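Remarks on the structure that follows.
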Amino acid sequence: MYKFLCLPILATASNLVLAILFLRSTSKVAHGQNIPVQNEYIGADSLVCINADNSCQSSTNTVNVSIEEPIEASLDPNLREMPNGFRAYVRPDISTFYKEKPGTRKPSSHAFNGLAGKFINMTPDRLNLYWNSGRGQGHFTGAVEGWEATGTSVYFCDPYSEESEAEPGRAFSTEKRSLKELSSHDLEFYHKHKYNLAFGKEYKDFTGGVEWLGMYGRDPPRHKIWAADFLGQEHHVLTRETQFIEQPPWDELPSVTPLKRSDADQVPLLQYRSSESTLNITLKALSCAPRIFEMRNFISHVEADHILMLTNKTHELHRSSTGGSTKPSEHDGTRTSLNTWIYRHESPIIDTIYRRVADVLQLDESLLRQRQQDEYSSIGTRNSIAEPLQMVHYDPGQEYTSHHDFGYDQMSKANQPSRSINVLLYLNDVEEGGETSFPRWHNAETPRGLDVKPEKGKAVLFYMLLPDGNSDDLTQHAALPVIKGEKWMSNLWIWDPYKN
C-alpha cells in the first residue's frame with residue numbers, strides 16, 4: 001500500500017494546519033405582459049405577470065404573481081467569452097456597486113486572512129483529510145475518493161506528474177508513481193483532471209484571479225438569479241402564500257402531501273392567516289459579490305414559533321458535523337451547535353414556507369418536493385432539489401467558523417450537482433452576537449466582514465453558484481459566537497441542477 005504525506009497548508013487566521021495523509025434597483029416594473037418565470041428546463045409551466053391595474057392574468061397552473069423577475073443565469077450581462085469559447089463570469093468594477101463610474105473606487109483589503117482549500121485527489125485511491133490545530137493530535141474530517149475533490153481554492157495531489165516542483169497548487173507526495181500503473185478508465189479520469197487544471201489557469205487569468213472550482217463543461221445554473229448590481233438594490237415579489245398570524249390548534253396541523261395548486265384551489269387554513277390576499281416580499285441587496293439579499297419579515301413570528309414548537313415537540317437535536325464528515329465535530333471548535341431536520345410535509349405551515357421560498361426564487365414549487373411523473377420529467381429524477389429545513393441551535397459561546405455550504409459531487413456525474421442557493425431563516429432575536437458573517441465580501445469601505453444580525457422573521461438569501469456555473473468562493477461564511485442569549489435558525493438549501 002502506498003502512503004503519501006502531502007505538505008501542510010496554512011488554513012485559517014489562527015494558523016490551523018491541514019495535514020493531509022494519503023493512504024492508497026429596484027428594477028423597472030413590467031406592466032401588461034406575461035413574463036416566463038423559468039427557462040424551458042425547470043419552469044416553463046409557470047408564469048408571473050403584473051398589469052397596470054395591479055391585476056394578474058395567468059395560466060390555470062399558476063398561483064404566484066410577481067411585479068419583477070430575475071434573469072436567466074446564462075443571460076447575465078457580465079458573462080464574457082474566453083478565447084476557448086467558454087463564457088466566464090467577470091465581476092463588475094467595484095465602483096458600480098456604489099452606482100459610480102468604473103475606476104473611481106478600489107476594493108478594500110480583508111481583515112480575514114483565512115484560506116479555504118479544494119483538494120483534488122488525482123489517483124484512484126482514497127484520500128483522508130485531517131485537521132491539526134497544533135494543540136494535539138489531528139482528527140479525521142472526511143475522505144476524498146479516487147478522482148474526486150472536496151473543499152475550495154485549488155490544491156491537488158498528483159504523484160504522476162513530471163512537472164516542476166514549483167507548480168502552483170501542488171501538494172507533493174514523498175513517492176512517485178508511473179502512469180503505466182493506471183487502467184484506461186483511470187487514465188481517462190487523470191487526463192480530465194489535467195485538462196481541468198489547465199482550464200482553471202486560463203479562467204483565473206481571464207477573470208482577474210477567480211479560482212475555477214468545478215469541472216470544465218459545467219452548465220450555468222438552471223434557475224434564474226436576482227440582480228445585485230448595486231448595494232441596497234431592491235426587488236419586490238407578490239405571493240399568495242400569506243403569513244400565519246394565529247397558531248392553528250395542533251390537531252389541525254396534520255402532515256400534508258404537497259401537490260400542485262391551481263388558481264381555483266383555496267389556500268389552506270385561511271382563517272389563521274393575514275386578511276391580505278397577497279404578501280409583498282422585498283429583497284434588498286446587502287452584497288453584490290457574493291450575491292446576498294435580506295428579506296425582512298419573510299416569516300411571521302407565529303410561523304417562527306411554530307417551527308420551534310415542531311422542533312422541540314417531535315425532534316431531537318444532535319451535535320452538528322462539519323465538512324464531509326458524518327461524525328459530530330466534538331474534537332475541535334469548528335462547529336459547536338446542535339441541529340436536526342424538518343421536512344416539508346410535516347405541517348401545512350412548513351409547506352407554506354417552501355411555497356413562499358419557491359415564489360421568491362421564481363421556481364415552480366413542485367421542484368421543492370417529490371414530483372409526479374408528468375412534472376419536469378426532463379430533469380431525470382423526481383426527487384426534490386431542496387433539502388429539508390436544517391434546524392440549528394446555538395448557546396452562548398457556540399459558533400460555526402468560516403466555511404462553504406457547497407461541495408463537489410462525483411466527476412462522472414453530469415454538471416456535478418451541488419448546493420446552489422441558501423435561504424437562511426432567523427427564528428428568534430439574539431440578545432448579543434450570533435451574526436452571520438461573510439468575511440470576504442467585496443466592498444470599497446471596510447476590511448471587516450459583512451455581519452448580518454439575526455432578527456426574528458428575517459431571511460437571508462445567497463447564491464453559491466456564479467452565472468457561469470462556477471462555485472462562488474466568496475460565499476465563505478461563519479456563524480459568529482453567541483455572546484448573550486441563544487440563537488435559533490434554519491437553512492433551506494436548493495441544489496442545481498438536481499439534488500443527488
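Note that these values count all heavy atoms, side chains included, but never hydrogens, waters or copies made by symmetry. The shown structure was predicted, so the numbers you read here are calculated from the model rather than taken from an experiment.
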Side-chain donor or acceptor of [X] paired with backbone N/O of [Y] under 3.5 Å:
X: K224; Y: I71; result: no
X: Q362; Y: W226; result: no
X: T96; Y: D93; result: yes
X: D265; Y: S262; result: yes
X: R273; Y: P268; result: yes
X: T311; Y: I307; result: yes
X: N428; Y: W488; result: yes
X: T207; Y: V90; result: no

Do [X] and [Y] sit within salt-bridge range, that is, some charged N less than 4.0 Å from a carboxylate O?
X: E276; Y: R240; answer: no
X: R261; Y: D351; answer: yes
X: E445; Y: R105; answer: yes
X: K456; Y: D305; answer: yes
X: E455; Y: R296; answer: yes
X: E387; Y: R419; answer: yes
X: R218; Y: D468; answer: no
X: R371; Y: E365; answer: no
X: R355; Y: D364; answer: no

Atom [atom1] of [X] and atom [atom2] of [Y]: how far apart are they, to the nearest 0.5 Å?
X: I225; Y: L465; atom1: CD1; atom2: CG; answer: 7.5 Å
X: L269; Y: I349; atom1: CG; atom2: CD1; answer: 7.5 Å
X: I281; Y: H235; atom1: CD1; atom2: NE2; answer: 14.0 Å
X: Y376; Y: R222; atom1: OH; atom2: CZ; answer: 11.5 Å
X: L286; Y: I292; atom1: CG; atom2: CD1; answer: 6.5 Å
X: F112; Y: S402; atom1: CZ; atom2: OG; answer: 3.5 Å

Atom [atom1] of [X] with >12 non-hydrogen neighbours under 6.0 angstrom:
X: K453; atom1: NZ; value: no
X: Y272; atom1: OH; value: yes
X: R80; atom1: CZ; value: yes

Specify the closest pair of heavy atoms between [X] and [Y], including all atoms of both residues, with the distance to one decimal.
X: S95; Y: G103; answer: OG-N, 3.4 Å
X: N470; Y: G214; answer: OD1-N, 3.8 Å
X: E399; Y: A479; answer: CB-O, 3.3 Å
X: L450; Y: W441; answer: N-NE1, 3.1 Å
X: V430; Y: K484; answer: CG1-O, 3.9 Å
X: F406; Y: D472; answer: CE2-O, 3.5 Å

Will you find, in the side chains of [X] and [Y], an N or O donor that is under 3.5 Å from an N or O acceptor?
X: H345; Y: S255; value: no
X: S108; Y: N443; value: no
X: H315; Y: E346; value: yes
X: T436; Y: Y426; value: yes

Strictly under 6.0 Å, is that where the ring centroids of Y216 and F199 end up? yes
W212/F86 aromatic ring centres below 6.0 Å: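 Yes, close enough.
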Looking at H403, H404, H477, which one forms a ring-ring contact (aromatic ring centres under 6.0 Å, His included) with F438?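 When H403, H404, H477 are each tested with F438, the ring-ring contact (aromatic ring centres under 6.0 Å, His included) holds only for H477.
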Test salt bridge (Lys or Arg N to Asp or Glu O under 4.0 Å) applied to K204 - qualifying residues, sequence neighbours left out: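 With sequence neighbours excluded, K204 shows a salt bridge (Lys or Arg N to Asp or Glu O under 4.0 Å) to E211, given in chain and number order.
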Among L425, L492, L461, find the one that has a side-chain contact (heavy atoms from CB on, under 4.5 Å) with V357. L492
R440/D473 under salt bridge (charged side-chain N to carboxylate O under 4.0 Å, His left out): CA gap, chis, key distance, verdict: CA-CA 9 Å; R440 297 169 59 193; D473 197 22; 2.8 Å; yes
Quick one: are [X] and [Y] in side-chain contact, heavy atoms under 4.5 Å?
X: N78; Y: R91; result: no
X: L79; Y: P467; result: yes
X: L308; Y: H306; result: no

Checking side chain to side chain donor-acceptor pair (under 3.5 Å) against T239, which of T352, T278, D359 comes through?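 With T239 as partner, side chain to side chain donor-acceptor pair (under 3.5 Å) holds for just one option, D359.
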Between F462 and R291, is there a cation-pi geometry (under 6.0 Å to ring centre, at most 45° from the normal)?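 Pair R291/F462 does not count as cation-pi.
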Could you check whether the rings of H442 and H110 sit parallel, tilted or perpendicular, using 30° and 60° as the cut-offs?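 Geometry flag for H110 against H442: tilted rings.
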Evaluate E303 against R356 for salt bridge (charged side-chain N to carboxylate O under 4.0 Å, His left out), listing each step before the verdict. CA-CA 12 Å; E303 291 166 341; R356 194 179 300 156; 2.8 Å; yes
